[in-house]
Amino acid sequence: METLPDPALSLSRATPDDLPRIENLMQFYNYDLSEWTPVAFAPEGRYQLRPKAPYWAQPDVHPFMIQVDGELAGFAVVDAECEHPDADHNMGYFFLARGYRGHGLAARAAGEVLSRFPGRWEVYHLMANTPAAQFWPGVIRAHAAGDIAREVRTLHEDECCLYRFTVAAP
């Protein structure tokens, strides 16, 4: 039986022209999120996003496009919206479309994001989101230098699992 090669994964900094594309993908992000927490539709039938222009304009917000074999597959956003004052980076958003999941691509993409930002990290997920609870610990262990702190706390009115760890400089 022939083994197929790993799909080509690329992570590129989003340009201003990419930001509307990320906002479109956030509809699917919110759709997935709605499985574990209430996410209301706006009157026109789309998920209501808070205005993103001020968010994108912040110097410590770093959006990325994820492509698989040259096709748009998801996005990631690193920001500094951390719970602890000594943290440097937060995984603000991470999304890979369902058709690309289950092949190790999400772990590769998340690992690449983490490795681009050495320092003290925070990553959290909803406690009810069991796929995230299975995904993030392995990704974090593979990239953390030293101890990994894990705590359960309420964030944005939901019970969440918050991980704190350091990614070493290459």
Side-chain angles (χ1 to χ4, degrees), residues 11-14 18-19 21-42 47-66 74-98 101 105-170:
L11 183 79
S12 58
R13 283 297 272 247
D18 291 323
L19 300 179
R21 199 174 356 260
I22 290 176
E23 291 180 19
N24 289 339
L25 290 172
M26 284 183 176
Q27 291 295 314
F28 299 101
Y29 174 92
N30 281 334
Y31 174 77
D32 283 357
L33 194 62
S34 72
E35 186 171 346
W36 300 288
T37 190
V39 183
F41 287 115
Y47 289 106
Q48 182 68 49
L49 299 178
R50 67 180 186 200
K52 291 291 181 206
Y55 180 67
W56 299 133
Q58 294 176 41
D60 53 8
V61 171
H62 308 280
F64 293 91
M65 305 302 295
I66 301 169
F75 69 96
V77 182
V78 175
D79 62 35
E81 294 182 7
C82 301
E83 293 299 309
H84 292 270
D86 66 342
D88 303 310
H89 312 293
N90 171 59
M91 186 70 75
Y93 296 92
F94 184 82
F95 174 77
L96 191 69
R98 289 183 181 193
R101 298 178 194 169
L105 295 166
R108 285 170 50 197
E112 190 168 329
V113 172
L114 293 172
S115 67
R116 288 188 185 198
F117 295 89
R120 297 167 302 221
W121 270 88
E122 291 184 352
V123 171
Y124 73 90
H125 63 78
L126 300 174
M127 289 296 290
N129 184 343
T130 52
Q134 294 168 353
F135 172 76
W136 282 111
V139 170
I140 291 167
R141 271 192 309 275
H143 297 279
D147 293 337
I148 300 167
R150 178 189 179 277
E151 63 181 281
V152 176
R153 59 173 17 191
T154 301
L155 301 170
H156 313 289
E157 301 178 17
D158 287 298
E159 188 174 56
C160 295
C161 181
L162 174 68
Y163 300 94
R164 299 179 68 230
F165 57 98
T166 298
V167 172

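The first residue in the sequence is number 1, and the count goes up from there.
Rounding to the nearest 0.5 angstrom, the gap separating the CG atom in Asp147 from the CZ atom in Arg164 is 11.5 Å. Atom CD1 in Ile148 sits 6.5 Å away from atom CD1 in Ile140 (nearest 0.5 Å). To the nearest 0.5 Å, atoms CG (Leu126) and CG (Leu33) are separated by 5.5 Å. From Arg153, atom CZ reaches atom SG of Cys161 across 11.5 Å, with rounding to the nearest 0.5 Å. Leu11 CG to Met65 CE: the interatomic distance, rounded to the nearest 0.5 Å, is 10.0 Å. Between the CD atom in Glu159 and the CG atom in Asn129 there is a gap of 13.0 Å [rounded to 0.5 Å].
The nearest pair of heavy atoms linking Pro137 to Ala132 is CD-O, 4.0 Å. Taking all atoms of both residues into account, the shortest heavy-atom contact from Gln48 to Ala42 is OE1-CB, 3.2 Å. Val139 approaches Gly111 most closely through the heavy-atom pair CG1-N, 4.3 Å. Scanning both residues, Ala133 and Tyr163, for their nearest heavy atoms gives O-OH, 4.5 Å. Across all their heavy atoms, Ala76 and Ile66 have their closest contact at N-CD1, 4.3 Å.
Ring geometry for Phe64 against Phe117 counts as perpendicular: the plane angle is over 60°, on a 0 to 90° scale with 30° as the lower cut. The aromatic rings of Tyr93 and Phe75 are tilted relative to each other, their planes meeting at an angle between 30° and 60°.
Side-chain atoms of Gln58 and Asp79, non-hydrogen and from C-beta on, never get closer than 4.5 Å to each other. Contact annotation: the side chain of Ile22 approaches that of Trp56 to within less than 4.5 Å [non-hydrogen atoms, C-beta and beyond]. Residues Met26 and Lys52 have side chains in contact (heavy-atom distance under 4.5 Å, counting atoms from C-beta outward). By the 4.5 Å heavy-atom criterion applied to side chains, Leu49 and Tyr29 are not counted as neighbours. With a 4.5 Å cut-off on side-chain heavy atoms, Phe165 and Val123 count as touching. You'll find the side chain of Tyr55 reaches within 4.5 Å of the side chain of Val77, heavy atoms only. The closest side-chain heavy-atom distance from Leu114 to Met91 is below 4.5 Å. Taking 4.5 Å as the limit, every side-chain heavy atom of His62 sits out of range of all side-chain heavy atoms of Val113.
For the pair His143 (side chain) and Glu112 (backbone), a donor-acceptor distance under 3.5 Å is absent. Put simply, the side chain of Arg101 never gets that close to the backbone of Ala106: no donor and acceptor are under 3.5 Å apart. Distance alone, capped at 3.5 Å, is enough to place a donor-acceptor pair between the Asp88 side chain and the Arg120 backbone. With Glu122 contributing its side chain and Glu83 its backbone, the two residues share a donor-acceptor pair below 3.5 Å. Formation of a donor-acceptor pair under 3.5 Å by the Glu81 side chain with backbone atoms of Asn90 is not found in this model.
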Quiz item: Does the side chain to side chain contact (heavy atoms under 4.5 Å, CB included) test come out yes or no for His84 and Leu162, once each step is laid out?
Solution: CA-CA 10 Å; His84 292 270; Leu162 174 68; 4.0 Å; yes

Quiz item: Does the side chain to side chain contact (heavy atoms under 4.5 Å, CB included) test come out yes or no for Asp158 and Tyr124, once each step is laid out?
Solution: CA-CA 11 Å; Asp158 287 298; Tyr124 73 90; over 6 Å; no

Quiz item: Could you go step by step and tell me if Phe135 and His125 meet the ring-ring contact (aromatic ring centres under 6.0 Å, His included) rule?
Solution: CA-CA 10 Å; Phe135 172 76; His125 63 78; 9.6 Å; no

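Checked against the 6.0 Å centroid criterion, the rings of Phe41 and Tyr47 qualify as a close aromatic pair.
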